[in-house]
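To keep things clear, I will list the structure first and then write my remarks on it.
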2 protein chains.
Amino acid sequence: MHKEVTIYDIAEKLSISASTVSRALNANSLVSKKTQQKIIAMATSMGYRSNTFAANLRMQRSNTIGLIVPRLNSYFMSEVISGIESVTNDAGYNLIISQSMENVDKEISNLKTMFNNRVDGLLVSVAAGSNGLTGFDIFRDRKIPVLFFDRAPHGLTVPSVTIDNENAAFLITQHLIEMGAKNIFHITGHQSVSVYKERTSGFKRALLAAGLPFNENQLIVTDLSEKAGIAAAKLIAELKGDGVFAANDSCAATCMNELKLQGFKIPQDVKFAGFNNDLISRNIDPALTTINYPGFEMGKVIAAKLLDHLSHKSDLHSSPLITMKSELVIRASSNYKP
Amino acid sequence: MHKEVTIYDIAEKLSISASTVSRALNANSLVSKKTQQKIIAMATSMGYRSNTFAANLRMQRSNTIGLIVPRLNSYFMSEVISGIESVTNDAGYNLIISQSMENVDKEISNLKTMFNNRVDGLLVSVAAGSNGLTGFDIFRDRKIPVLFFDRAPHGLTVPSVTIDNENAAFLITQHLIEMGAKNIFHITGHQSVSVYKERTSGFKRALLAAGLPFNENQLIVTDLSEKAGIAAAKLIAELKGDGVFAANDSCAATCMNELKLQGFKIPQDVKFAGFNNDLISRNIDPALTTINYPGFEMGKVIAAKLLDHLSHKSDLHSSPLITMKSELVIRASSNYKP
DNA sequence: TTGAAAGCGGTACCAA
DNA sequence: TTGGTACCGCTTTCAA
């Protein structure tokens, strides 16, 4: 077993005190330039590495921020994480991540773990069915900042960064209507998830505004998987849909491809729209109309906001509800007027 | 400031010793059922949370595993991470992640951070140009297990889990040749990255085996971005390529789409193949022939192997070089015989 | 500018 | 089965 080098070992070699070594290593101005250089040289040559546990234990902070998301495996989430990491890493923070698997109990258990690890702050996109309260109380009590993003808890005024899902859905549905669609279907996810619920309501509002009837069976609630898109296609073909707005791009893509296979012409017979502006939306044929939802940017924004709060540069609660801009991207899957 | 509850607080309330409290909380069999229950009840009611720093400091371990990858933002990587997290989370380990941004210096700096955080083990996919040695010495010295995956350092017998890139590339190129392609281009990444180098060499071997000539300009070295695919398409059109094998799916997709725009018929005029079996490969038109490279599975495998090593169930070094199986998935983008 | 010493909150050895 | 106590390695107050 390789014995770890501690500041005491360095102190002993140099016949000085551990306090001075600690100060030197932390670039504390109280030590003289000369001794500092001596200490740093010795530390390097001895292969000294700071023990963050000891430091954290003493300082009551971790230099770590936690991230909890429903699922890690999506292109969008990978963009978000990349954005977060780039900011936290530059600021010298660690990033510890976990996924709730869309399960509230797991989310609570992850919250406990994050708490025990004394994260300095937390970024959360909630699981379906989470109220944003249960399990979060410990953080509120200890004033550990929690910033929600993408999926914020419904009806709570807690710091969050989201996009205007309702409006985005309204705009994209309106666009499908303008292109002549009259029997539009909306493929969505569990309505306990804020973003899906909001998109649904934007969808309905657009129908209403255009004077189009709305029937419950126009709402296809699924898990938004690739398979779900294919299943939805069959339903839509039966019910003679002429427009489809799916709550994510991959589901829109598989649905559209299935309808193509069945002989439907896109956009002539059926107009399509997705959500997210994923890689896939740009590369299918025809290219998919969608909402540009910049994950990398959002990751950078939320990480920066949290770190600013931690360094007292700004307060998360001064303007808790941040809405990022998203935009309608019109592509060939819908762009057709008879 | 909310004062943290410690085991001493609990001990005092119950007029017992901190040792007993510690034992009870850790379900140590030395405490009586009765006192244990009493302690746990009290701990809950007082809102006690274990301080992992103190425990880690004392136990010289962190219950944390580290992950360093070149880039977080890809569908493949999101699958890998999801797989890793599902295993580490179940085992009660934390996962701390960082990206080297394909930069060796950043990789080294990330390694230091991981080390200072006393990760119990490390999972690494190396940056372009990394030799897998510089910066890793501290881990070898302290016998902290490092398991490489996907991109392992070239020419080193270190524990790694990879796929047989050379052979996969050989098979997919051979397939293109069988389908009648004679002037095949390979879009690849920096050749300092093991996986790209290996795929290139499999590509060349297949040409050789079929008696086809090889010219350096058949190798298009890029950053494998979406844009790179489009640029490559222009080159391939000029040089009258009739087959393309790209080292990832997204680049293959954009390249294929660009050629389609230019009026080429796929697969009649140009046969296409990618790598990874990303979401996108299944949903573009025509669907893309590719190599199925199961990221989620790989994530689970590497996490499990590392944890098994940590719990002494098996030794990483007993069979260091693990090759996972990958397979050729033939789809419409290449499946055409004149 | 430097040193001594007291914690931070656990764990585990030794004794009872 | 329980208690006393000595650490784990670092930071910081107070004194010199």
Side-chain angles (χ1 to χ4, degrees), chain A residues 1-40 42-43 46-64 92 112-113 115-120 142, chain B residues 1-40 42-43 46-64 92 113 115-118 120 142:
Chain A
M1 180 64 190
H2 201 293
K3 185 70 184 60
E4 292 295 335
V5 177
T6 71
I7 52 171
Y8 294 102
D9 300 327
I10 299 173
E12 198 177 347
K13 282 255 188 186
L14 256 28
S15 307
I16 52 175
S17 79
S19 327
T20 307
V21 175
S22 172
R23 291 189 188 105
L25 262 17
N26 290 301
N28 186 311
S29 57
L30 286 176
V31 282
S32 72
K33 267 263 169 302
K34 244 202 317 208
T35 39
Q36 186 187 11
Q37 273 162 9
K38 212 169 52 185
I39 289 167
I40 288 178
M42 177 58 80
M46 292 176 74
Y48 168 80
R49 303 272 94 199
S50 164
N51 183 323
T52 42
F53 297 144
N56 290 345
L57 174 59
R58 176 61 223 233
M59 298 201 296
Q60 306 278 35
R61 63 197 306 281
S62 64
N63 253 288
T64 297
K112 278 190 192 154
T113 309
F115 182 82
N116 288 355
N117 278 280
R118 299 294 193 274
V119 293
D120 293 340
R142 320 294 163 101
Chain B
M1 181 62 189
H2 202 294
K3 185 71 183 58
E4 292 296 336
V5 178
T6 72
I7 52 170
Y8 295 102
D9 300 327
I10 299 174
E12 198 176 345
K13 283 253 188 187
L14 258 26
S15 307
I16 53 174
S17 79
S19 324
T20 306
V21 175
S22 173
R23 290 191 190 103
L25 262 17
N26 289 300
N28 186 312
S29 58
L30 286 176
V31 282
S32 71
K33 267 264 169 301
K34 243 201 319 207
T35 38
Q36 188 187 9
Q37 274 162 10
K38 210 168 54 185
I39 290 168
I40 288 179
M42 177 59 80
M46 293 176 73
Y48 169 79
R49 304 272 92 200
S50 164
N51 184 322
T52 42
F53 297 143
N56 291 343
L57 174 58
R58 178 61 225 227
M59 300 201 296
Q60 305 279 33
R61 64 198 304 282
S62 64
N63 253 289
T64 296
T113 309
F115 181 82
N116 287 354
N117 278 280
R118 299 294 193 274
D120 293 339
R142 319 296 163 98

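All chains are named by letter (A, B, ...) in the order of the sequence lines, taking the proteins before the strands, and each is independently numbered beginning at 1. The shown structure was predicted, so the numbers you read here are calculated from the model rather than taken from an experiment.
Note on the helix from C:dT1-D:dA16 to C:dA16-D:dT1: angle between the axes of the first and last five pairs equals 30°, rounded to 10 degrees.
Using a 4.0 Å heavy-atom cutoff across all strands shown, A:T35 reaches sugar-phosphate atoms only and no base atom. Among the protein residues, B:Y8 comes within range of the nucleic acid bases, having at least one heavy atom under 4.0 Å from a base atom.
A heavy-atom distance below 4.5 Å is found between the side chains of A:L25 and A:I7. You'll find the side chain of A:I39 reaches within 4.5 Å of the side chain of A:L14, heavy atoms only. Counting only heavy atoms from C-beta outward, the side chains of A:F53 and B:T52 never approach each other to under 4.5 Å. Here the side chains of A:E4 and A:N51 are not in contact, with every heavy-atom distance at 4.5 Å or above. At least one side-chain heavy atom of B:R23 sits under 4.5 Å from a side-chain heavy atom of B:T20. Residues B:I40 and B:Q36 form a side-chain contact, since some pair of their non-hydrogen atoms from C-beta on lies under 4.5 Å apart.
In this model, the phosphate group of D:dG3 is approached by a side-chain N or O of B:T20 to a distance below 4.0 Å at OP1 or OP2. For B:Y48 and C:dG10, the shortest distance from a side-chain N or O to OP1 or OP2 is below 4.0 Å.
Straight-line distance from the CD1 atom of A:I16 to the P atom of C:dA4: 11 Å, rounded to whole Å. Spacing between atom NZ of A:K38 and atom C1' of C:dT2 amounts to 11 Å, rounded to whole angstrom units. Note: CE (B:M46) to P (C:dG9) measures 13 Å, nearest angstrom. Here C:dT1 presents its C1' atom at 11 Å from CD1 of A:I39, a figure rounded to the nearest Å. Atom CG in A:N28 sits about 9 Å away from atom P in D:dT12, given to the nearest Å. For the pair B:E12 CD and D:dG3 C1', the computed distance is 15 Å after rounding to whole Å. Distance A:L30 CG to C:dG3 P: 13 Å, rounded to the nearest Å. One interatomic measurement links the two molecules: CZ of B:F53 to P of C:dT11, which rounds to 14 Å at whole-angstrom precision.
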Candidate pair B:R118 and B:N56, rule side-chain contact (heavy atoms from CB on, under 4.5 Å), full reasoning
CA-CA 9 Å; B:R118 299 294 193 274; B:N56 291 343; over 6 Å; no
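Side-chain atoms of B:N51 lie closest to C:dG10 of the nucleotides C:dG10, C:dT2, C:dG3. Listed nucleotides C:dA6, C:dT11, D:dG3 differ in distance to B:I7; the shortest reach to its side chain belongs to C:dT11. Minimum atom distance to the side chain of A:R23 is reached by C:dA4, of the listed C:dT11, D:dT5, C:dA4. Checked against D:dG3, C:dG9, C:dT11, the side chain of B:S22 finds its nearest nucleotide in C:dT11.
Listed for the A:N117 side chain is no donor-acceptor partner under 3.5 Å among the backbone atoms of A:V119. With A:N116 contributing its side chain and A:T113 its backbone, the two residues share no donor-acceptor pair below 3.5 Å. Panel note: side chain A:N26, backbone A:N28; no donor-acceptor pair is recorded below 3.5 Å.
Taking for each of B:R118 and B:S32 the nucleotide of DNA chain D with the nearest heavy atom, the 5'-most of the two is the partner of B:S32. Both A:S15 and B:L25 lie close to DNA chain C; mapped to their nearest nucleotides by heavy-atom distance, the more 5′-ward contact belongs to A:S15.
Interface residues of residues 54-63 of chain A facing DNA chain C, ordered by number: A:L57, A:R58, A:Q60; criterion, heavy-atom separation under 4.0 Å.
Applying the 3.5 Å distance criterion, the base of D:dG4 shares no donor-acceptor pair with the side chain of B:S17.
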